Structure formats: structure tokens, C-alpha cells
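Working notes, beginning with the structure itself.
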Amino acid sequence: FSTLHETGHALYEQGVSPELARSGLDTGISLGIHESQSRLWENLVGRSRPFWQHFFPQLQAAFPGALGAVDVEAFYRAINRSKPSLIRVEADEVTYDLHIIIRFELELDLLTGALQLDELPAAWNDKYERYLGVRPENDAEGVLQDIHWSTGAIGYFATYSIGNLISVQLLNSAREALPNLDADIAAGEFGALLGWLRENIHCHGSKFTPRELVQRVTGGGVGSRPALGHLRGKKSGDFGAGGAGARTGAAGRGLASVPARRPDEAGLPRGAGAAGSAPCSLVRHRRPDFASRAALVRDIGRVLRPGRCPA
């Protein structure tokens, strides 16, 4: 699942339009949007029933001793089982955000001075016992399990939860345009979904703010209702690639009330996200501040028509 997660990040960066190279707009717009891509492939696709209907026979062939007598439904339910755990990257979708809340609260306490650094391990353990009912036996399965703080990525953890919310909204919108999505995934075909993401998310790079991008694609702002619907579907056992959340629109509306838009109606070129989309330049440059970025958007407006990926 971690491989699927990192693949989502890579696909986002590879899908940025090459016309944006060296403009300062040639990368993902925010960590929240980036995590929506990784979490979408990791969980909404990678933990779905259609995905394993296709791949489980191959997994069984690779591990006949462990999985030879296991049926696909039992495996599918096992990888979606909800239970408290100590390790964030191994957490199920239902409990995952509790791991994020713990880290976010500890970060706030550290930054405000309410918590001293030498108090952090004990505070971590106490919060895990309070929120998840489990207590680490050592710091390896506790406060030292992540790399983020040691690399200076303070404030990063919250973007995983933001990404979780956005990922469900995006998949719901993709389902409007791709009514055969489950069948495609069950057949091992991911081109339609990737193409939709290319057209609607990836190719734009940093042209739009995160809020603008979500509004353009889903018709609403970031909200929790679709994600909660998805999680309720998992708990009730009705969890395919989109679960119960697939029946809830981007802003919590029923999908029947949300008119589908073709790519050309949204100002996007047909086929812009197909496999032929070239990856962005591998040469990275320091991103300008927001004022400089706004000036860049105005300066290159002749090439980048608002709402349209460059050809």
C-alpha cells in the first residue's frame, strides 16, 4: 500500500503539463492536493474490491503457502479491517485520522510552548492510550516512527487528513464521468481514471489554488460528508472502489443532482490526460512566493488560458 501511495505522488508530478516547465507553476499546488492523489490510489483504489478481484490471483500465485487457501473476499475484508494500532502507515482508513490528530495536537503544543521536547515521548504515549486504547512499549513504535519532524516537516501531518477528504470528493466526481470505473479496475484497466486525473488535476500544476482546484473539479469546497459516507460504507460492508461515499456528491449532495460535465464543457481539451501526456521537466527550480506566482500567471496568460491545460 505504501508503493501505491508513493505512486500517486509520482503520477501527479509526471502529469503536470510540460508547457509549465520552468514557470514556477510546474509542480503540485499543495501538500493537501498531493496527499489526495497518494491516498486515492492507496486506499480508494488499492483497498477496493474490484482492485483485488483482478490482482488477488497474482498475489496468490506469488505466495501460495500463505494465501493459497484464502478467498478474495476474506482477503479484501482483512485488509479493510478496522482496529486500533500503533503505527500510522499501517492504520486502516477508519482509524488513520486519529493518528493524524494526535500528531497535530502535539505539534501545536510544541509550537506554543505548552509541551517541552523532552516531554514529547510520554505525551505521545498518553495520547495513543487515550485516543486509540493502545500504548507504545518503546519509542520505535511511538514517537520515533515517522521521519517528518526529524527532517523539519513541521505541520505536514495534517495534510494527510486534508488529502483523505479531497480524495473521496475527487473519486466521486470521477465516477460521474466514468460510470464503468469499477469494471475497468476489476479488469486491471486504470487508464480512464488516470486520464481523468490528468485532465482535471495533474496537468494544471500550480495554476490554481487548492481551493480553486477543488471547486472547479467537484463543484464545492472541501468537506467531510463524502469521506464520512465512504467510511460508513466500509463499516457497513458496502465498500467497493468508492463505497457508500460514491453515492454522495462532492459537497455532500446526491450524485443524481450533480450534472456531469464533459471535459470540453469545463474548458479542458479532450484527451489531455491520455497516456501521451509528457512528464514535466526534471529540472526543479525554487518556487516563487505567491505574489511572484500571481505575476507569472498574468505574464504567461497568453499561453495559459484560464481553465484550460496547455496543448
Side-chain angles (χ1 to χ4, degrees), residues 2 5-6 8-9 12 24 27-39 42-43 82-169 206 208-215 220-228 231 251-252 286-294:
S2 293
H5 180 101
E6 302 306 333
H9 284 303
Y12 187 9
T27 190
I29 181 56
S30 75
L31 294 174
I33 298 296
H34 238 299
E35 293 301 340
S36 78
Q37 301 307 287
S38 60
R39 298 292 285 174
E42 174 189 359
N43 291 323
S82 177
K83 62 178 181 178
S85 60
L86 292 168
I87 307 301
R88 174 185 61 86
V89 297
E90 298 174 0
D92 62 90
E93 287 185 82
V94 175
T95 63
Y96 181 90
D97 291 300
L98 290 174
H99 292 260
I100 301 305
I101 290 171
I102 288 170
R103 288 155 174 78
F104 179 69
E105 291 184 350
L106 290 171
E107 284 180 328
L108 286 181
D109 287 344
L110 286 169
L111 292 172
T112 60
L115 182 69
Q116 298 304 306
L117 189 59
D118 59 359
E119 300 171 327
L120 182 58
W124 176 290
N125 295 346
D126 289 343
K127 282 188 178 289
Y128 261 82
E129 189 163 21
R130 177 184 174 190
Y131 289 176
L132 285 161
V134 293
R135 190 174 186 88
E137 294 185 359
N138 54 65
D139 290 341
E141 61 183 23
V143 71
L144 296 181
Q145 67 180 263
D146 301 301
I147 66 168
H148 300 64
W149 288 339
S150 64
T151 62
I154 307 298
Y156 193 112
F157 287 113
T159 69
Y160 290 116
S161 288
I162 294 171
N164 286 340
L165 298 180
I166 296 173
S167 68
V168 178
Q169 293 181 259
S206 296
F208 303 105
T209 67
R211 187 187 302 272
E212 290 170 341
L213 191 61
V214 172
Q215 177 70 41
V222 178
S224 62
R225 289 180 62 189
L228 290 174
L231 294 178
R286 182 181 297 277
R287 294 176 66 182
D289 59 26
F290 283 99
S292 299
R293 186 180 301 163

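Every heavy atom of this structure was used, including side-chain atoms; hydrogens, water molecules and symmetry mates were not. When a residue number appears, it is its place in the shown sequence, counting from 1. Predicted, not measured: the structure shown is a model, and the values here were computed from it.
- More than 12 heavy-atom neighbours from other residues, nucleotides or ligands sit within 6.0 angstrom of OH on Tyr131.
- Rounding to the nearest 0.5 angstrom, the gap separating the CZ atom in Arg225 from the CG atom in Leu228 is 9.5 Å.
- The backbone N or O of Gly155 lies less than 3.5 Å from a partner atom in the side chain of Glu107, making a donor-acceptor pair.
- Counting all heavy atoms, side chain and backbone alike, Pro210 lies closest to Ile29 at CD-CG1, 3.6 Å.
- Cation-pi check for Arg39 over Tyr96 is met; the charged atom lies under 6.0 angstrom from the ring centroid and within 45 degrees of its normal.
- Summarising the geometry of Ser36 relative to Ser167, their closest heavy-atom pair is O-CB, 3.4 Å, with the distance given to 0.1 Å.
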- Item | Verdict with supporting geometry, Arg103 and Arg88, side chain to side chain contact (heavy atoms under 4.5 Å, CB included) | CA-CA 10 Å; Arg103 288 155 174 78; Arg88 174 185 61 86; 3.5 Å; yes
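- Here the CG atom belonging to Leu31 is positioned 8.5 Å from the NE2 atom belonging to His9, to the nearest 0.5 angstrom.
- Note that CG of Leu108 and CG of Leu115 are 11.0 Å apart. Values are rounded to the nearest 0.5 Å.
- Under the 4.5 Å side-chain criterion, counting only non-hydrogen atoms from C-beta, Trp124 is in contact with Gln145.
- Between His99 and the options Ile87, Leu132, Asp146, a side-chain contact (heavy atoms from CB on, under 4.5 Å) holds for only Leu132.
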- Take His5 and Glu35 through the side chain to side chain contact (heavy atoms under 4.5 Å, CB included) test and state the conclusion after the steps. CA-CA 8 Å; His5 180 101; Glu35 293 301 340; 3.3 Å; yes
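- The two residues Ser82 and Asp92 make their nearest non-hydrogen contact at OG-OD1, 3.2 Å.
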- Message: Using side chain to side chain contact (heavy atoms under 4.5 Å, CB included), reason through Leu144 and Asn138 one step at a time and then give a plain yes or no.
- Response: CA-CA 9 Å; Leu144 296 181; Asn138 54 65; over 6 Å; no
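- Within the 4.5 Å cutoff, no side-chain heavy atoms of Ser85 are placed close to those of Val134.
- One distance of note links CD1 of Ile162 with OG of Ser30; it measures 7.5 Å at 0.5 Å rounding.
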- Does the pair Phe157 and Leu106 meet the rule for a side chain to side chain contact (heavy atoms under 4.5 Å, CB included), with working shown? CA-CA 11 Å; Phe157 287 113; Leu106 290 171; over 6 Å; no
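- Contact detail for Pro136 and Leu86: the closest heavy-atom pair is N-CD2, 3.6 Å.
- Distance check, rounded to the nearest 0.5 Å: CG of Asn164 to CG of Asp97 gives 4.5 Å.
- Listed for the Ser150 side chain is a donor-acceptor partner under 3.5 Å among the backbone atoms of Ile147.
- Counting heavy atoms from C-beta outward, Tyr128 and Ile102 have side chains that approach closer than 4.5 Å.
- Arg135 places a side-chain heavy atom less than 4.5 Å from the side chain of Asp126.
- Using a distance-only test at 3.5 Å, with no hydrogens or angles considered, a donor-acceptor pair links the side chain of Gln169 to the main chain of Gly223.
- Thr209 OG1 to Gln215 CD: the interatomic distance, rounded to the nearest 0.5 Å, is 10.0 Å.
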